[in-house]
Structure formats: structure tokens, C-alpha cells
Amino acid sequence: MTGESLTGIEIRRLSAAEAAAFAELTFPTYRRLLALEPTVRHPEQGDPRRIEAIAIGALRAGRPVGLALGERALAAGEPAEALSLFVVAGERGRGLGGALLGALEDELAALGAPEIRATWTAGKPATAYLERILARRGWSAPVARTVSARFRPEDMLTLPLFSPRHLAALDPGFEIFPWSELPLDELAALRAGNEARPWISEGLEPWSYGGGAGYDPATSVGARLGGRLVGWVLTERIDGRLLRWTVSFLDKRHSRRGRIVPLYKASLERAVAAGYELCLFVTPVRFPNMVRFIERWISRRATFVGETRGAGKPLEVALKPIPDRV
Ligand SMILES: CC(C)(COP(=O)(O)OP(=O)(O)OC[C@H]1O[C@@H](n2cnc3c(N)ncnc32)[C@H](O)[C@@H]1OP(=O)(O)O)[C@@H](O)C(=O)NCCC(=O)NCCS
């Protein structure tokens, strides 16, 4: 179908020496993977799983025109991931994106990966093309995973939500403190208490993410009420400009009607003071209150609001010849 229109284009798995020339064809955060050496996927998130990046390149007359970047887990039986798919503007719409993804699937299957998965951000111009490619290639239907919003912290602070009048009505007298100053025994007691009688929403525990090691000390805050630790807004430094709000939680007994807002304000003010230009607020869709908070408030000052979606596809495991039994 596409063979004819792709005449003159060579698609192949890249060696590490070749892959460097394709750096512009993937996201900055993935460029280090083009070394194509076994590595750790998310060292900054405390994710210790080891992976190997696989790069499939498209070349016209030896020049890079497309890249499918994926990774396979080095532990057997784990799913592989497609990380990015890119075709240069002049070559789009002729089947090259689909062909690159197909070659990546084939390569991962040959290496023994049982399944391929992908997560991407919707709301961008190429979202529809990407989803069209996945549907054609027999991937599962996309499912919303998270909603994210991007904004400048000083813009967000101008929301009426953060006005002194509003805050005075919301703040029950929190003692807000830098998370980095939380005594370890207080964190241990929180964890033990939650194990005995769970009250923290799953996935929002401060230790659920990187053991708490990856939080940005300048902008992560906790709150006590009557001496008891009741909430936290924990952030991650992506780089000197970009900050991600990763986990925020307030004890349900205190969290009605926006009670967490004073914690957000404290974190935002610290983000401005620390020189962050952009914040990324991300919440899994299984927290509908947070999604509503983005829709109702954050979207008013955000420069981008979109959901991440995920999909996957089982791979045909390459059949190995069965040795004769003795
Ligand atoms: C997404 C992307 C890789 C697609 O590459 P491509 O070579 O155009 O892909 P294909 O030609 O195989 O398929 C694109 C599909 O979208 C459709 N499409 C519609 N309008 C299109 C357009 N203006 N440009 C490209 N595709 C278009 C194509 O017709 C095709 O569907 P079809 O197979 O039913 O005809 C490319 O647009 C791109 O690099 N975009 C920027 C990077 C990006 O956002 N990547 C995805 C997230 S990592």
C-alpha cells in the first residue's frame, strides 16, 4: 500500500554511531537514550528497571527523515514501550510514520517483547495522525490516563482562588513547612499509621514515588494541623525552568471545598522565588476531583491543557525452533 510512495526511503534499526544524527527527531528528554546502551529508564523517579533503547531510523539519500524510538525491558516478559515517533514535515502523510512504528514492533517482537505500549499527550496537532496509525496497526483503543496542564506560576497566583479573602476562608490554620524539613521519624510514623489503618489515597502516598527522594526541596511543602501531618504538595524539578507537581493530597476530613489551596499557594510562591518559568500539573483521571480542579481553575491560567492517553498491542513472539527431545 505504502511501498511505492516510500520509494527512495530506507528504514532500518540504527547503530549507536548512526543514532546520534537523529537527536532532533525525538524529545529532548529521550536524547540520552540514543546512546543505545542498557540504562535505567527513570533514574530521577527512582525507577530502577533496566531497559535498552531501540531506534528505527528512516533515511532518504542517507539523511535522517524519520525516527521511531522504543525501549525493551531487560527483564524477560515485561512489556516494551514506544517512546516517540517523528517524521520530518516534508515526508508526512505518505505512510512513513506507520512503517516506522511497524518496524519497531517487528524488532521488539524479534527480541522477545510480549507486548508494546505507548503513552502520548492528546490535544496536539499530530494526535489524530498518531491515533490513526495506532488504529490501523491494530493497537487497543486509546484510554485516558492523566490530565495535565502547563502554566506560569506567577500567572496562576493571580487566580481569585488565591486572593487573601478566599484563602482566609479556606485555611483552617495549617502549619505549612518545607517537605525537606520533615523529620524521617514523622514520615515513618505516617507510613506505619497508614499501613495499620489506610487513609491516604493509593498513589498519593509521599513514599509511593521514588521513595520520596526525587522531590524538589525548594517547592515541595507539607501541612500539619494541630501538630498532625495531614497533607502535602510534592513537586519534581524537571530542569531549571520546568517544575512538575506530581503528588498532592490532603486528609479527606479536611479536604472539602478546596482546603488544599493554601498548600498550592505556598508551593507556587516558592516556584516563583526559585525561578521556575513553567509548571506542569499532572493528575491521573482516576482522581475526578483533581480533574475538576484543573477544568474549573487551572485551565483559566494554563497555556496548555490536555490528557495523556495510552494504548498497547500484543506482539507475536518470534517462534524459536523446538529442539528435539532426547
Ligand atoms: C505523527 C507522525 C509521526 C505521522 O507521520 P506520517 O508519516 O505522516 O504518518 P502516516 O503517513 O503513516 O500516517 C498518518 C495518518 O494521518 C493521516 N493524516 C491526515 N492528515 C495528515 C497530515 N496533514 N499529515 C500527516 N498525516 C495526515 C494520514 O492520512 C494517515 O492516515 P491513513 O493511513 O489513514 O491515510 C508525524 O505527523 C509527526 O512526526 N508529527 C510530529 C511529531 C509527533 O507529534 N509525534 C507523535 C507523538 S510522539
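Each ligand, and each atom within it, is numbered from 1 in the order the structure gives.
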Among Tyr129, Tyr30, Phe86, whose heavy atom sits nearest atom 27 (C) of ligand 1?
Tyr129
Does a salt bridge link Arg60 with Glu10, judged by any charged N lying under 4.0 Å from a carboxylate O?
no
Check this for me: does any side-chain nitrogen of one of Arg259 and Asp171 sit under 4.0 Å from a carboxylate oxygen of the other?
no
Using side-chain heavy atoms (C-beta onward) and a distance below 4.5 Å, is Ser267 in contact with Thr235?
yes
Classify the angle between the aromatic ring planes of Trp245 and Tyr264 as parallel (below 30°), tilted (30 to 60°) or perpendicular (above 60°).
parallel
Does Ala99 reach ligand 1 with a nitrogen or oxygen that is under 3.5 Å from one of the ligand's nitrogen or oxygen atoms?
no
Atoms of ligand 1 close to Gly95 [distance to a heavy atom under 4.0 angstrom, numbered from 1]:
10 (P), 11 (O), 12 (O)
So is Trp120 close enough to ligand 1, meaning a heavy atom under 4.0 angstrom away?
no
Salt bridge flag under 4.0 Å for residues Glu154 and Arg301:
no
I'd like to check whether Leu85 has a polar contact with ligand 1, where a contact means an N/O of the residue lying under 3.5 Å from an N/O of the ligand.
yes
Below 4.0 angstrom from a heavy atom of Gly98, which ligand 1 atoms are there? Numbered from 1 as shown, please.
12 (O)
Would you say Arg132 has any N or O atom under 3.5 Å from an N or O of ligand 1, going by distance alone?
yes
Any nitrogen or oxygen of Val87 lying under 3.5 Å from a nitrogen or oxygen in ligand 1? Just yes or no.
yes
Does some non-hydrogen atom of Lys124 fall short of 4.0 Å from ligand 1?
no
Salt bridge (charged side-chain N to carboxylate O under 4.0 Å, His left out) assessment of Lys313 paired with Glu115
CA-CA 6 Å; Lys313 173 183 176 178; Glu115 187 188 344; over 6 Å; no
For atom 41 (C) of ligand 1, which candidate among Arg137, Arg136, Arg92, Arg94 provides the closest heavy atom?
Arg92
Any luck finding a side-chain donor-acceptor pair between Arg145 and Thr119 under 3.5 Å?
yes
